[in-house]
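Here's the structure we're looking at; comments come further down.
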Amino acid sequence: MSSKDSDDKFLHLVKDTLKKDKQALVFVNTKQRAERTAEIIAESIKESNEHLEEVSAEIENVLARPTKQCKRLAKVVKKGVAFHHSGLMAKQREIVEDEFKKGNIKIICCTPTLAYGLNLPAFRVIIRDLKRYGYRGYAWIPTLEAQQMFGRAGRPEYDKEGEAICIANDEREAEEILERYINGEPEDIYSKLAVEPVFRTYLLSLISAGISRTEEDLVNFFSKTFWAYQFKDIGRIKFMIGGMLSKLKEWKFIEYKSESNSFTIAYDMDDGGIIKPTPLGRRVAELYLDPLTAHKILEGLETEKDKTEFSIINLCTNTLELRPYLRVKVREYDEIEERLIDFEDEILYDIPKPYDEEYDEFLNSFKTSLLFYDWINEFDEESLLEKYSVKPGELRAKLKILDWLLYSCHELAKLNGRKDLLNLINKTRLRVKYGVKEELLDLLRLKGIGRVKARKMFNNNIKTLSDVRRISEFELRKILGEKTAKNIKEQVTAKQRTKERL
DNA sequence: GGACGGTGAAACTTCAGGTTGCCTC
DNA sequence: GAAGTTTCACCGTCC
């Protein structure tokens, strides 16, 4: 079958679903393809309706300035078709899901996002791509995942049955699919506890919550987990616990109270007895931070170097929590390295050498910091997305994680006696939250004012809240439109009144 | 002769996703 | 593996 043929057959399948007045989920292997496929389907549909037009408008205007992606989604939604992947804004995802549940959107083209978690059943599930690029190259997706997708077919409350359809490109592929996904067994599930960062975090939180007070307690606890059941080798688990404890101690997150204890420490013979969290360690556990991340942040803050907003952002970005980083593309390599020269002095940890194995990953994290840095310097969102080839939803997701890390950074600095840095960290956090230069922070205290409107006001010489108080609502309307002008005028007078009362 | 622009084929790149953590400045 | 993007040779046109 040629690809044109398979396109036609696929489109026929979709049309057939619509003719039956049913809904379908279409699974594909990339975000780009989800968008393209949705467009192809939408182009073949003529009719729209008033409700869909409204939904489309709502989707388009989720951001102050609609991005290309917003417009693309809004356009297909008019035809009752949508795409769905991690790059969408949360609000848009929510709308698409709701409208699908209500039956207004008939077809969703999506990446595997929709196979998990969310309960969005459809009469028909069409799996267009069963191969995907991953760490093993272009390969078959796991059986477990395909079956997860099949499971979306059939809505208990509406249909007696559901259909899951896989698309094969030829006879041989069809056989392979049958073998692999229909007759095949799903893969075994492995415990995630064995992964170092998870293990570290758990260990510290057990100690911090007072659940485990000795190394023996810890061994007992871990030996009852699914991990131990699978792993079987208790001796090795003991060894791993011992090793990790000495790291946590070295990082000053735990301490040993030397009391008599018959239990022998498997790893660190010098210490025995009760394990207690330090105040710092307890806070790390409360913040749900990976102890290694916390340690790296603390170490960075203690360096002699002068610290800037970039330093703080970069320090928080170079952590596990913000992975996966943006990837430095082949073409960008030189440019990113050049920018590294400009920022070298603001980086608070050792930069790997170009021949080091970690160098590429370091550059990726550096590029990710640059995205954040451009964001707080008010780069226009659309060009930022273009420049870093990142989608609006991904940018928001990353910013949210960075916000949490900056808060954590603030807490760690406070506990570690670095009051001198708190101002800088706080300011950085605010700038990241709103994506603005420092000069706009005052205006952003107003509700309904984001980076775009605040910049507009500032450029019109309204720079502070007292400027807002002074200017007439009439003048303000010219800049911000009627609704916003009225709204913020009310806010400043209300603020004034509470002040007077005090 | 040389600058410029259009064209298309070849070469090169890129490619899913992820729960909650905190506090409200 | 497939789709999108960039590069580059080639050709025609105009000054």
Side-chain angles (χ1 to χ4, degrees), chain A residues 2-4 6-7 27-37 39-40 83-88 90 93 109-118 127-142 145-146 148-149 168-170 173 192 195 197-198 201-202 204-205 208-209 282-291 293-294 316 319-324 326-333 386 389-391 393-394 396-398 400-412 414-415 422-434 441-442 444-447:
Chain A
S2 77
S3 84
K4 176 78 176 65
S6 92
D7 275 2
F27 286 100
V28 295
N29 61 6
T30 66
K31 288 181 268 206
Q32 169 67 16
R33 208 162 133 81
E35 297 183 13
R36 264 315 287 159
T37 311
E39 279 172 349
I40 290 169
F83 52 84
H84 190 290
H85 54 63
S86 66
L88 263 58
R93 263 196 260 187
C109 300
C110 58
T111 54
T113 14
L114 280 191
Y116 293 96
L118 216 109
I127 304 178
R128 242 204 135 175
D129 304 319
L130 281 153
K131 285 182 169 181
R132 190 200 307 133
Y133 183 87
Y135 67 101
R136 278 183 297 144
Y138 195 74
W140 293 103
I141 61 172
E145 190 179 316
Q148 191 69 245
M149 294 175 185
N169 289 312
D170 52 49
E173 231 183 68
K192 285 252 192 308
V195 185
V198 179
T201 310
Y202 252 93
L204 183 59
S205 68
S208 168
R282 186 171 293 131
R283 194 70 182 121
V284 171
E286 278 170 9
L287 292 165
Y288 240 82
L289 274 182
D290 175 358
T293 297
C316 291
T319 56
L320 272 179
E321 281 81 351
L322 263 164
R323 286 187 186 183
L326 303 185
R327 291 211 357 235
V328 175
K329 294 181 187 166
V330 185
R331 228 172 305 113
E332 299 169 326
Y333 207 88
E386 185 105 358
S389 40
V390 65
K391 310 246 174 203
E394 293 164 315
R396 296 314 146 120
K398 291 243 179 294
K400 202 175 158 219
I401 298 173
L402 181 61
D403 177 64
W404 158 53
L405 286 169
L406 287 168
Y407 172 76
S408 301
C409 180
H410 179 267
E411 293 299 292
L412 293 176
K414 198 163 66 182
L415 270 178
L422 297 183
N423 250 334
L424 173 68
I425 299 171
N426 251 339
K427 193 185 11 165
T428 310
R429 186 167 173 224
L430 276 173
R431 288 187 58 189
V432 165
K433 182 163 182 185
Y434 295 107
L441 288 179
D442 195 30
L444 284 162
R445 287 158 57 198
L446 295 165
K447 281 198 185 121

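Please read all numbers here as calculations on a predicted model, not as lab measurements. Each chain gets a letter, A, B and so on, in the order its sequence line appears, and its residues count up from 1.
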Would you say a side-chain N or O of A:Ser86 is under 4.0 Å from OP1 or OP2 of B:dA16? no
Heavy-atom count check: over 12 atoms from other residues, nucleotides or ligands less than 6.0 Å from A:Lys192 NZ? no
Do A:Leu114 and A:Phe27 come close enough that some side-chain heavy atom pair is under 4.5 Å? yes
Taking the side chain as every heavy atom from C-beta outward, state whether A:Pro112 and A:Met149 have any atom pair closer than 4.5 Å. yes
With side chains defined as the heavy atoms from C-beta onward, is the minimum distance between A:Cys110 and A:Val28 less than 4.5 Å? no
Taking side chain as C-beta onward, heavy atoms only, is A:Arg93 less than 4.5 Å from A:His85? no
How would nucleotides 20-25 of chain B be written as a contact map, 5' to 3', with B for base contact, S for sugar-phosphate-only contact and - for no contact, using protein heavy atoms under 4.0 Å? BBBB-B
Does a side-chain N-to-carboxylate-O contact under 4.0 Å join A:Arg36 and A:Glu39? yes
Would you say a side-chain N or O of A:Thr111 is under 4.0 Å from OP1 or OP2 of B:dG17? yes
Specify the separation, in whole Å, of atom CD of A:Glu35 and atom C1' of B:dA16. 14 Å
How many angstroms lie between atom NE2 of A:His410 and atom CG of A:Leu415, to the nearest 0.5 angstrom? 10.5 Å
Under 3.5 Å between N/O atoms: give me all the protein pairs with nucleotides 11-15 of chain B, atom names plus distance.
from	atom 1	to	atom 2	distance (Å)
B:dC15	OP2	A:Arg327	NH1	3.3

Nearest whole Å is fine: how far is B:dG17 P from A:Arg323 CZ? 19 Å
Looking only at atom P, what distance separates C:dG4 and B:dA16, rounded to whole Å? 13 Å
Rounded interatomic separation in angstrom, taking NE2 from A:His84 and P from B:dG17: 10 Å
Looking only at heavy atoms, which two atoms of A:Arg429 and A:Leu406 are closest? And how far apart? CA-CD1, 3.8 Å
If B:dA16 has a Watson-Crick or G-U wobble mate with both distances under 3.5 Å, name it; if not, just say none. none
To the nearest angstrom, how far is A:Asp170 atom CG from C:dG1 atom P? 12 Å
Remember a base hit wins even if backbone is also touched, and classify A:His85 as base, sugar-phosphate or nothing at under 4.0 Å, heavy atoms. sugar-phosphate
Closest non-hydrogen atoms of A:Cys409 and A:Cys316, given as atom of the first, atom of the second and distance, are CB-SG, 3.9 Å
Nearest-Å distance for atom pair CD/C1', residues A:Glu332 and C:dT5: 14 Å
Earlier contact from the 5' end, DNA chain C, for A:Arg36 and A:Lys131: A:Lys131
So what does A:Gln32 hit on the nucleic acid, given a heavy-atom distance under 4.0 Å: a base, only sugar-phosphate, or nothing? sugar-phosphate
When the distance from OH of A:Tyr333 to P of C:dT6 is rounded to whole Å, what number comes out? 21 Å
Mind calculating the distance between NZ (A:Lys192) and P (B:dT19) to the nearest angstrom? 12 Å
